[in-house]
Amino acid sequence: MPRGLDPVGGLAALRGLLDRPLASYYLLLSSAGLLLLIGLTMVFSATSVRDYAENGNASTSLVKQAIFAVIGIVAFWACQRLPATTYRTLGRPLLFTAIGLLLVLNLLLAYARLTKQDSAQIGPVEARLLWLFVGGIQVQPSELAKFALVLWGAHVIARKGAALGWWRELATPLFPVVGLLFVLVGYNDLGTMLCLLAVVVGLLWAAGVRMRVFGTLSVLGLIGVGLLIAVASLGAGSGARGEENYRFARLTSFFNPPDPQDCKLEGCYQIYQGRLAIEHGGWFGVGLGKSSFKFGWLPEAHNDFIFAILAEELGVVGCAVVLSLFAVLAYTGLRIARRVDDPFRRLAAAAATTWLVSQAVINIGGVVGLLPITGLPLPFISDGGSALVITLAAIGMLASFARAEPDAARALHARPPARWVRLLWAPLPPLPGRRRRPAAPPAARGSVPRSRERRPDDVAAPRGVRLARTRRGSADERRR
């Protein structure tokens with residue numbers, strides 16, 4: 001063995017690094033930061049040709065994505081400063097806001113279909129498929145629904161505690177609200193509905209719910225997915241009444257792939273071009289910015305299929321780096337969920353990690369052909385402003401929880417950063433074990449206070465006599 005290569009020593013050193021108090025915090029920052037940097041690079045590479053052809057400026061999409069990245073970093077900074085109580089308070093308002101935006105979006109889209117238009121507009125609000133445009137600002141309500149479900153669901157389950165063993169506790173209010181979100185989101189976006197389902201599964205798994213609940217949810221989820229696939233023939237999503245069901249066509253092309261020559265003209269064109277791009281990249285890629293499939297050959301090369309452009313330009317090595325960073329992010333999120341002592345933090349961390357990792361798995365699996373195509377963007381990498389801002393806000397929440405780990409909190413209090421660092425970056429987390437004691441339950445009406453309860457050996461003697469006897473006894477003890 002060459003000198004200096006000691007596997008045992010390397011594993012010991014890695015274990016020592018992971019045992020450090022703030023290891024979760026730094027792993028989270030490094031993995032998310034590198035994914036964000038790779039995402040900005042790939043957005044520029046995938047959109048530069050199209051932007052130059054349309055606007056004469058190759059960096060139009062990059063500038064737009066960078067602006068949203070700055071907004072997302074501000075959201076990350078704000079979220080990592082918030083305590084758990086604030087997140088529990090924000091869950092319900094965010095959920096009501098997401099449901100309201102989804103209702104507005106679906107109503108406007110229904111009006112657009114009735115009037116046979118591509119979009120509908122009422123005043124400054126315009127709806128197009130999955131997006132709301134409010135005064136020129138593009139918002140995707142389904143992204144807000146993911147974060148809102150994480151916070152609200154973690155708060156509801158943490159409040160119920162051991163009562164989750166009863167079906168009626170899960171049935172109210174968790175299942176009705178989740179079902180409403182599934183309908184509002186899944187009617188137009190089946191992929192995002194699968195992410196919401198993953199969030200619910202992550203919450204219930206972290207809460208320790210029985211396996212029979214997961215079995216029942218799986219059956220109900222498959223039935224709901226089947227119904228949402230069927231309603232694509234009625235105009236759901238990007239479908240149209242009387243035309244081919246595009247969702248069903250994706251499933252049939254996945255389970256029974258047609259001949260590659262036929263894919264050039266039919267609905268499997270996108271997946272066929274994506275596989276050609278991956279094959280063209282090989283092990284080390286053709287070079288950053290040298291993709292040929294982004295010249296109009298691969299649909300949605302900047303969004304849903306940006307992983308195919310990454311594979312073409314950076315090869316298997318670049319794909320392995322991205323997959324490794326997502327694996328580190330998954331490990332860190334679950335590590336935070338295991339180490340924190342607050343039930344709400346544990347549930348929210350597990351749900352947020354499940355959301356981000358499942359979305360990455362669904363996107364990459366669809367691009368490489370291991371899963372059906374659902375149209376989900378790749379977190380941190382794909383082009384999209386609202387998705388990037390919400391994702392970085394979720395990372396900020398995980399960073400706040402990482403600093404609140406018992407060992408991390410003790411280490412930060414033992415050697416606190418400078419005052420200006422705490423003011424500009426993040427305050428000190430609360431020390432573990434310093435919680436307010438629960439207030440004593442109020443006494444029942446008409447009960448006797450404890451201070452006036454009579455001992456069994458007390459007799460009905462005058463109060464003054466008993467007090468005198470007590471004082472005389474204590475004086476005799478002092479004389480001795």
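Index from 1, following the sequence. Computed from a predicted model, the values in this text were never measured in an experiment.
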Seminar exercise, completed: One should read off an interatomic distance between Asp383 CG and Met42 CE, to the nearest 0.5 angstrom, of 12.0 Å
Exercise. Are Arg403 and Glu405 within salt-bridge range, i.e. N to O under 4.0 Å?
Worked result: no
Exercise. Is there a donor-acceptor pair under 3.5 Å between the side chain of Asp51 and the backbone N or O of Ser61?
Worked result: yes
Exercise. Measuring from Leu108:CG to Phe133:CZ, what's the distance to the nearest 0.5 Å?
Worked result: 12.0 Å
For this session: Answer yes or no: is there a donor N or O on one side and an acceptor on the other, between the side chain of Arg50 and the main chain of Phe295, under 3.5 Å?
Result: no
Exercise. When you measure from the side chain of Gln138 to the backbone N and O of Gly385, does any donor-acceptor pair fall under 3.5 Å?
Worked result: no
Exercise. At their closest point, which heavy atom of Ile373 faces which heavy atom of Gly366, and how far apart are they?
Worked result: CG1-O, 3.9 Å
Exercise. Are any side-chain N or O atoms of Thr41 and backbone N or O atoms of Leu37, one a donor and one an acceptor, separated by less than 3.5 Å?
Worked result: yes
For this session: Check the pair Ile364 / Leu370 against side-chain contact (heavy atoms from CB on, under 4.5 Å), numbers first and verdict last.
Result: CA-CA 8 Å; Ile364 296 174; Leu370 296 177; over 6 Å; no
For this session: To the nearest 0.5 angstrom, please state how far the OG atom of Ser400 sits from the CZ atom of Arg81.
Result: 10.5 Å
For this session: Check the pair His302 / Val43 against side-chain contact (heavy atoms from CB on, under 4.5 Å), numbers first and verdict last.
Result: CA-CA 6 Å; His302 64 290; Val43 165; 6.0 Å; no
Exercise. Side-chain contact, heavy-atom cut-off 4.5 Å: Pro173 with Trp152?
Worked result: yes
Exercise. Does any N or O in the side chain of Gln359 come within less than 3.5 Å of the main-chain N or O of Pro377, such that one atom is a donor and the other an acceptor?
Worked result: yes
Seminar exercise, completed: In this structure, CD1 of Ile99 is separated from CG of Leu180 (nearest 0.5 Å) by 5.0 Å
For this session: Compare all side-chain heavy atoms of Leu90 with those of Phe147 and state whether any distance is below 4.5 angstrom.
Result: no
Problem set entry | Nearest-0.5 Å distance, OG1 of residue Thr332 to CG of residue Leu398 | 9.5 Å
Exercise. Looking only at heavy atoms, which two atoms of Ser386 and Glu143 are closest? And how far apart?
Worked result: OG-CG, 4.3 Å
Exercise. Can you find a pair of side-chain heavy atoms, one from Ser59 and one from Phe44, that are under 4.5 Å apart?
Worked result: yes
Exercise. Is Asn363 reaching over with its side chain to a backbone N or O of Leu376, donor-acceptor style, under 3.5 angstrom?
Worked result: yes
For this session: Give a yes or no on this: more than 12 heavy atoms of other residues, nucleotides or ligands lie within 6.0 Å of atom CZ of Arg422.
Result: yes
Problem set entry | Parallel, tilted or perpendicular: rings of Tyr87 and Phe401 (30°, 60°) | perpendicular
Problem set entry | Glu312 side chain reached by Ser292 side chain, heavy atoms, under 4.5 Å | yes
For this session: Could you walk me through whether Ile362 and Leu194 pass side-chain contact (heavy atoms from CB on, under 4.5 Å), step by step?
Result: CA-CA 9 Å; Ile362 293 173; Leu194 294 177; 4.1 Å; yes
Exercise. Side-chain contact, heavy-atom cut-off 4.5 Å: Leu203 with Val150?
Worked result: no
Exercise. Ile38 and Leu310: side-chain contact (heavy atoms from CB on, under 4.5 Å), yes or no, with the steps?
Worked result: CA-CA 9 Å; Ile38 294 173; Leu310 187 147; 4.1 Å; yes
For this session: Decide if atom CD of Glu279 counts as having more than 12 heavy atoms of other residues, nucleotides or ligands within a radius under 6.0 Å.
Result: no
Exercise. Do Trp355 and Ile390 come within less than 4.5 Å of each other through their side chains, counting heavy atoms only?
Worked result: yes
For this session: Considering non-hydrogen atoms only, spot the tightest contact between Leu105 and Ala127 and give its length.
Result: CD1-CB, 3.7 Å
Seminar exercise, completed: Val361 and Leu371 have their tightest heavy-atom pair at O-CD1, 3.8 Å
Exercise. Just wondering, do Val286 and Leu314 contact through their side chains at under 4.5 Å, heavy atoms?
Worked result: no
Exercise. To the nearest 0.5 Å, what is the distance between OH (Tyr331) and CG (Leu27)?
Worked result: 7.0 Å
Exercise. Does Leu181 reach the side chain of Leu149, with side-chain heavy atoms less than 4.5 Å apart?
Worked result: yes
For this session: Can you label the angle between the Phe76 ring and the Trp425 ring as parallel, tilted or perpendicular, going by 30° and 60°?
Result: tilted
For this session: Kindly say whether Ser291 contributes a backbone atom to a donor-acceptor pair with the side chain of Glu313 at under 3.5 angstrom?
Result: yes
For this session: Compare every heavy atom of Ala408 with every heavy atom of Leu22, then report the nearest pair and how far apart it is.
Result: CD2-CB, 3.6 Å
Problem set entry | Backbone N/O of Leu102 and side chain of Asn106: donor-acceptor pair under 3.5 Å | yes
Seminar exercise, completed: Shortest non-hydrogen pair, Arg335 vs Ala23, comes out as NH2-CB, 3.5 Å
For this session: State whether the side chain of Lys294 and the backbone N or O of Gly289 hold a donor-acceptor pair below 3.5 Å, judged by distance alone.
Result: yes
Exercise. Just by distance, do the side chain of Thr353 and the backbone of Ala350 share a donor-acceptor pair under 3.5 Å?
Worked result: no
